[in-house]
Amino acid sequence: MKSRLQLLLFAVPALALYGGFFLLPAVQGLRYATTDWDGYSPSFTDVGLANLTDVVSNDDLFRNALTNNLEFLLAVVIGQTALALLLAVLLAARSRASTTLRALFFLPTVLSSVSVAFIWKFVYDPNFGLANNLLGAVGLDRFQSAYLGEESTAIFWVAVAQVWFHAGQMMVIYIAGINQIPEELYEAARTDGANRWQQFRHVTWPMVAPATALVIAYTSLQSFKAFDLILGLAGNPPRSGLDVLSTRIYTTFANGQLGYAAAESVVFMVAIAAVTFLQNRAARMAHG
Amino acid sequence: MRRAVLAVYTLLIVVPLVVIVGGTFKTTPELFASPFGLPADPTLDNYVTVLADQDMPRVLGNSLTVVAFSVPMTLFLGSLVAFAVARLPRWPSRILFGIFAIGLAIPAQAVMIPQYVQFDRLGLRNSLSGLILVNIVVTLPVAVFILAGFMRTLPAELYEAAELDGAGPWACYRRIAVPVSYPSLAATAIFLIVMHWNDLLYPLLFIDDPGKRTLPLALLDFQGEYLTEYPLLFTGVVIASLPMVLAYALLQRHFVAGITAGAVKG
């Protein structure tokens, strides 16, 4: 009993800091969300649930950010999962070349989001950028584009940058999954005359289902919370085509609407919880 | 087919990086005229400009200070909690772990506004200690998750002999749990270093004083100053990334283990 108390003492410093500077403000945020506080005035008015109902029902800017966020999430999840799996299948076998390539493909993950944003800003620059430059050089001028300048598709090009940034990280998770598949399963499949596609379809794909669930879970949270990359690529504040929930909250706050921004954060939290929940359901069905 | 796919993706990774690094030795007109070519007349002017005009040594120092304090503190506090989680009986352990698991579900973007108010009131805005503190509390849940995951797998027998000799929990933590957990501590450390070194959100929110900027924030400020002076932007990118890239080249396996452990648990 004495040692149990001593063990609890071990957690006290961490609990004090994390409770005081993370959990407590999280709760305070709920309070701010019901006020019209600007963040510096000495007084404010209690507006009840007015902020929350505004955010949910009649805020076009917020709705636009949510739509962009979901489009971004969908594009990144589909693109990143497919690419990570493809790369993992191609690099799962150990050889010197595959070890080198794995290391190279993982490399972008250690860069900062702002660095990655600047790299892709140059790729997409309509006048001097690498993408249009390359298209011009191979005679495909008609595919040249303004990329981030195209209001309706800009978010898609940010998704490409995000996939470039983190696909290698997800590839590593898939490689770990593939390496756990017993070799006998492939031998049995080959004995039955399965070709490489059939081996993938009937052995690899079902056996990496847990890895897929993990990759999709992590990718969707990562892309739903994306902030740095978007701010770096789009500028501050982002244009409407590139505004997502986290940048919207930041902009509202920077405009001196602290109470309203807190209400947006609450909705953001609920949206994250919903993404996580749907995601868990889907994973369970996939395993089911 | 396999080779073609790998070759294309290799180019997609390598070409932008080579153009960036090459661009730091070019003038703006040269970069625009031949982005892919070798620098015809390599210049170090961009580095001189960035290091001198941009107060870069101080910015680098700020980033180093933040990482040097927040990473060990998070590791120490997180490993203490993880040890308690691993050694406590079932229910107290679950509750303690659950409290930190809540933090995994709450994204920083949802807490940042009340945190801003709180840090402002306590006079912790515009200070490196404020950044260090907020880094610690935001990443503690992940550290606890990774470390507890590891320490839970250690068998109780490991501690029993020491306890018979009268060793208390502190001695068990220091002389057994920490040394045995070295691999997972190293993985967590790398995850934290990358997170803290690259973080933009909190510096953007907490720091107004130019003298207190960290690298990612200084880099973002560049964009406003130099707009399309890409060679200067690239020089900032290289300076900000070099420490991480070098460390990655040396400690590859640990980096992959650390960052994917963060991915898997976080």
Side-chain angles (χ1 to χ4, degrees), chain A residues 3-4 6-8 10-11 13-15 17-18 21-23 25-26 28-29 32 39 86-87 90 101 103-115 118-119 122-123 125 128 130 133 164 169 172-173 214 218 225 227-228 231-232 235 246 249 253 258 261-262 265 268-269 272-273 276, chain B residues 2 5-6 9-10 12-13 16 19-20 32 35 77-78 80-81 83-84 87-89 92 96 99-100 103 105-107 109-111 113-115 117-118 133-134 136-138 140 168-169 173 194 198 200-201 216 219-220 223 230 233-234 237 240-241 244-245 248 252 255-256 259-260 263-264:
Chain A
S3 81
R4 195 178 295 189
Q6 282 176 315
L7 281 170
L8 281 173
F10 274 60
L15 276 175
L17 290 180
Y18 162 76
F21 296 101
F22 191 89
L23 294 181
Q28 281 171 329
Y32 296 144
L86 175 67
L87 296 175
L90 297 181
L101 289 181
L104 184 69
F105 296 169
F106 190 85
L107 173 69
T109 302
V110 312
L111 304 177
S112 74
S113 321
V114 185
S115 299
F118 287 175
I119 293 172
F122 186 61
V123 172
D125 191 301
F128 314 106
L130 292 187
N133 225 309
W164 183 89
Q169 195 185 358
V172 171
I173 296 176
L214 204 66
Y218 193 68
K225 294 189 289 190
F227 175 79
D228 311 14
L231 213 66
S246 60
I249 295 171
F253 161 78
L258 191 136
S265 306
F268 179 64
M269 273 277 305
I272 291 258
T276 315
Chain B
R2 173 176 187 268
V5 173
L6 292 174
Y9 198 66
T10 303
L12 279 173
I13 299 288
V19 169
I20 299 308
F32 288 162
L77 295 171
L80 286 176
V81 176
F83 179 72
R87 300 288 292 151
L88 279 167
L96 181 61
I99 293 173
F100 285 93
I106 305 177
Q109 287 89 333
V111 205
I113 286 159
Q115 273 174 330
V117 175
Q118 183 187 37
L133 180 60
V134 85
I136 294 174
V137 300
V138 169
L140 250 178
Y173 165 80
V194 174
N198 289 337
L200 173 71
L201 182 65
L219 207 53
L220 194 69
Q223 197 183 359
Y230 283 110
L233 293 184
F234 293 170
V237 167
S241 310
M244 289 297 121
V245 173
Y248 173 62
Q252 239 180 66
F255 260 77
V256 172
I259 297 177
T260 46
V264 173

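Predicted model only: the values in this text are computed from it and were never measured. All chains are named by letter (A, B, ...) in the order of the sequence lines, taking the proteins before the strands, and each is independently numbered beginning at 1.
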Fill in the blank from the handout: Residue from A/Leu258, A/Leu130, A/Ile272, A/Leu104 scoring the most non-hydrogen pairs under 4.5 Å with chain B is A/Leu130

Exercise for the section: Sort A/Leu15 into side chain, backbone, both or neither according to what part of it lies under 4.5 angstrom from a heavy atom of chain B. Expected result: both

Practice task
Anything under 30° is parallel, anything over 60° is perpendicular, the rest tilted; go ahead and classify A/Phe105 against B/Tyr9.
Solution key: perpendicular

Handout entry: Closest-packed option against chain A by number of heavy-atom pairs under 4.5 Å, given B/Leu233, B/Leu140, B/Val117
Key = B/Val117

Problem - Approximate separation, where rounding is to 0.5 Å, of B/Arg2 CZ and A/Leu86 CG - result: 10.5 Å

Problem - Gap separating the CD atom of B/Gln109 from the CZ atom of A/Phe268, nearest 0.5 angstrom - result: 5.0 Å

Handout entry: Which atom of A/Ala14 lies closest to which atom of B/Val81, heavy atoms considered
Key = CB-CG2, 3.3 Å

Problem - Residue A/Phe118 versus chain B: region with a heavy atom under 4.5 Å - result: both

Fill in the blank from the handout: All heavy atoms of A/Val110 vs all of B/Asn198, minimum pair found to be O-ND2, 3.3 Å

Practice task
Sort A/Leu90 into side chain, backbone, both or neither according to what part of it lies under 4.5 angstrom from a heavy atom of chain B.
Solution key: both

Exercise for the section: Heavy atoms only, distances under 4.5 angstrom: which of A/Ala273, A/Ala103, A/Ala262 has the most pairs with chain B? Name it, please. Expected result: A/Ala103

Problem - Stepwise side chain to side chain contact (heavy atoms under 4.5 Å, CB included) test for B/Leu220 and A/Asp228 - result: CA-CA 9 Å; B/Leu220 194 69; A/Asp228 311 14; over 6 Å; no

Problem - Distance in Å, A/Phe106 CZ paired with B/Thr260 OG1, rounded so as to fall on 0.5 Å steps - result: 6.0 Å

Practice task
Measure distances from A/Asn133 to the heavy atoms of chain B and classify the residue's part below 4.5 Å as side chain, backbone, both or neither.
Solution key: side chain

Exercise for the section: Select, from B/Pro89, B/Ala240, B/Ser241, B/Pro92, the one with the greatest count of heavy-atom pairs under 4.5 Å involving chain A. Expected result: B/Pro89

Problem - Part of B/Gln252 lying under 4.5 Å from any heavy atom of chain A - result: side chain

Practice task
Work out which heavy atom in A/Ala26 is nearest to a heavy atom in B/Val111; give both atom names and the distance.
Solution key: N-CG1, 3.6 Å

Problem - Interatomic distance, A/Leu101 atom CG to B/Thr10 atom OG1 [nearest 0.5 angstrom] - result: 4.5 Å

Exercise for the section: Could you have a look at B/Leu96, B/Val134, B/Leu133, B/Val245 and say which one has the most heavy-atom pairs with chain A under 4.5 angstrom? Expected result: B/Leu133

Handout entry: Contacting moiety of B/Val256, where chain A heavy atoms sit under 4.5 Å
Key = both

Exercise for the section: Could you have a look at A/Leu87, A/Thr276, A/Leu23 and say which one has the most heavy-atom pairs with chain B under 4.5 angstrom? Expected result: A/Leu87

Problem - Shortest non-hydrogen contact from B/Val137 toward A/Tyr18 - result: O-CD1, 3.9 Å

Practice task
Determine, stepwise, if the pair B/Phe234 / A/Phe122 fulfils ring pair (Phe, Tyr, Trp, His ring centres under 6.0 Å).
Solution key: CA-CA 9 Å; B/Phe234 293 170; A/Phe122 186 61; 5.2 Å; yes

Problem - CZ on A/Phe22 to CD1 on B/Ile99, rounded to 0.5 Å - result: 13.5 Å

Practice task
State, with a plain yes or no, whether a side-chain heavy atom of B/Pro114 is found less than 4.5 Å away from one of A/Tyr32.
Solution key: yes

Completion exercise
With chain A, the option among B/Ile20, B/Ile106, B/Val138 that has the most non-hydrogen atom pairs under 4.5 Å is B/Ile106

Problem - A/Phe253 CZ to B/Ile113 CD1 distance, which is reported to the nearest 0.5 Å - result: 6.0 Å

Exercise for the section: Name the option with the most non-hydrogen atom pairs under 4.5 Å to chain A; the candidates are B/Val194, B/Leu200, B/Leu77. Expected result: B/Leu200

Fill in the blank from the handout: Under 4.5 Å to a heavy atom of chain A? For B/Leu6 that would be both

Exercise for the section: Tell me, for B/Tyr248 versus chain A, whether the close heavy atoms (under 4.5 Å) come from the side chain, the backbone, both or neither. Expected result: side chain

Exercise for the section: Taking the side chain as every heavy atom from C-beta outward, state whether B/Pro107 and A/Met269 have any atom pair closer than 4.5 Å. Expected result: yes

Exercise for the section: Provide the closest heavy-atom pair for B/Leu12 versus A/Trp164 in the form atom of the first, atom of the second, distance. Expected result: O-NE1, 2.9 Å

Problem - Donor-acceptor contact present, side-chain B/Gln223 to main-chain A/Gly232, <3.5 Å - result: yes

